[in-house]
Enquirer: 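Before I ask anything, let me first share the structure, which is written out below as structure tokens.
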Amino acid sequence: MDTTVGDARTIQAAAGDADRFSLTVLPFVLRLQWAPRLVIDRADIARVGSALVASGRSTLPVLAEVSALKEITWDAREAILGYAHPARIAVVGSDAVDLVLTAFTVRSSSEIRYFTDRDVAVRWLLQEQDAAPPAPRRLQ
């Protein structure tokens with residue numbers, strides 16, 4: 001996926017978030033990149049939710065890239081599971097630990113899949129969806 005698209009723009013929800021994540025608006029997908037070796041907590045999920053809203057494109061599919069996550073706290077997991085994104089979410093990780101830490105999302109009402117190859121993830125995100133998407137709910 002070419003991230004140098006002319007109308008790409010990066011959204012930050014608050015000062016200091018760049019150290020934890022970035023959200024880039026691309027023509028057909030939102031690209032969420034988490035910093036490596038993070039413990040993601042509920043506050044992080046709320047800041048990502050704010051960034052999604054600030055993007056003005058919160059109904060686009062999301063490409064979430066993680067790398068060597070340390071942990072996703074229980075509070076963060078509950079917030080993710082309580083959120084229904086209106087389009088697909090592809091989580092791209094780099095190792096088995098990332099897979100294990102993101103595996104709980106299979107219970108999410110959003111359509112989420114884990115990938116180790118970003119190009120395969122993007123192709124899946126951009127495919128036609130068979131069913132109507134769930135009604136969006138705000139991350140808290």
Enquirer: Roughly how far apart are Arg37 CZ and Lys70 NZ, rounded to 0.5 Å?
Expert: 8.0 Å
Enquirer: Do Ile45 and Val39 belong together in a cluster built from hydrophobic side chains that touch within less than 4.5 Å?
Expert: no
Enquirer: Are Phe21 and Val48 side-chain neighbours, meaning at least one heavy-atom pair lies under 4.5 Å?
Expert: yes
Enquirer: Side chains of Ile40 and Glu71, heavy atoms from C-beta outward: is any pair under 4.5 Å?
Expert: no
Enquirer: Would you find a donor on one side and an acceptor on the other, under 3.5 Å apart, between the side chain of Ser110 and the backbone of His85?
Expert: yes
Enquirer: Just by modelled atom types, is the Ala90 backbone N or O under 3.5 Å from a matching donor or acceptor in the Arg113 side chain?
Expert: no
Enquirer: Apply side chain to side chain contact (heavy atoms under 4.5 Å, CB included) to Phe115 and Val91, showing your working.
Expert: CA-CA 6 Å; Phe115 299 87; Val91 178; over 6 Å; no
Enquirer: Do Leu30 and Ser55 have side-chain heavy atoms sitting under 4.5 Å apart?
Expert: yes
Enquirer: Where is the tightest heavy-atom contact between Leu81 and Ser108, given as atom of each residue plus distance?
Expert: CD2-N, 3.5 Å
Enquirer: Linking I/L/V/M/F/W/Y whenever their side-chain heavy atoms sit closer than 4.5 Å, directly or via other members, would Ile72 and Val100 fall into one cluster?
Expert: no
Enquirer: Which residues pass the ring-ring contact (aromatic ring centres under 6.0 Å, His included) test with Trp74, sequence neighbours left out?
Expert: none
Enquirer: Determine the minimum heavy-atom distance between Asp95 and Tyr114, stating which atoms define it.
Expert: O-OH, 3.2 Å
Enquirer: I want to check something: taking the side chain as every heavy atom from C-beta on, are Ile80 and Arg77 in contact at a cut-off of under 4.5 Å?
Expert: no
Enquirer: Using the side chain to side chain contact (heavy atoms under 4.5 Å, CB included) rule, take Leu32 and Glu65 through it: C-alpha gap first, then chi angles, then the decisive distance, then the call.
Expert: CA-CA 6 Å; Leu32 171 63; Glu65 297 181 72; over 6 Å; no
Enquirer: Measuring only between side-chain heavy atoms, which start at C-beta, is Leu60 closer than 4.5 Å to Val29?
Expert: no
Enquirer: Compare all side-chain heavy atoms of Arg31 with those of Arg118 and state whether any distance is below 4.5 angstrom.
Expert: yes
Enquirer: Mind checking whether Thr116 and Val92 have side chains closer than 4.5 Å, heavy atoms only?
Expert: no
Enquirer: Does NZ or CZ of Arg88 lie under 6.0 Å from the centre of the six-membered ring of Trp124, at an angle within 45° of the ring axis?
Expert: yes
Enquirer: Has the side chain of Asp98 got a donor or acceptor atom that lies under 3.5 Å from a matching backbone atom of Leu69?
Expert: yes
Enquirer: Any side-chain heavy-atom pair from Asp44 and Trp34 closer than 4.5 angstrom?
Expert: yes
Enquirer: Looking at Ala76 and Arg42, what are the two nearest heavy atoms and their distance?
Expert: CB-N, 3.7 Å
Enquirer: Apply side chain to side chain contact (heavy atoms under 4.5 Å, CB included) to residues Asp75 and Asp41 and explain how you reach the verdict.
Expert: CA-CA 7 Å; Asp75 287 346; Asp41 61 22; over 6 Å; no
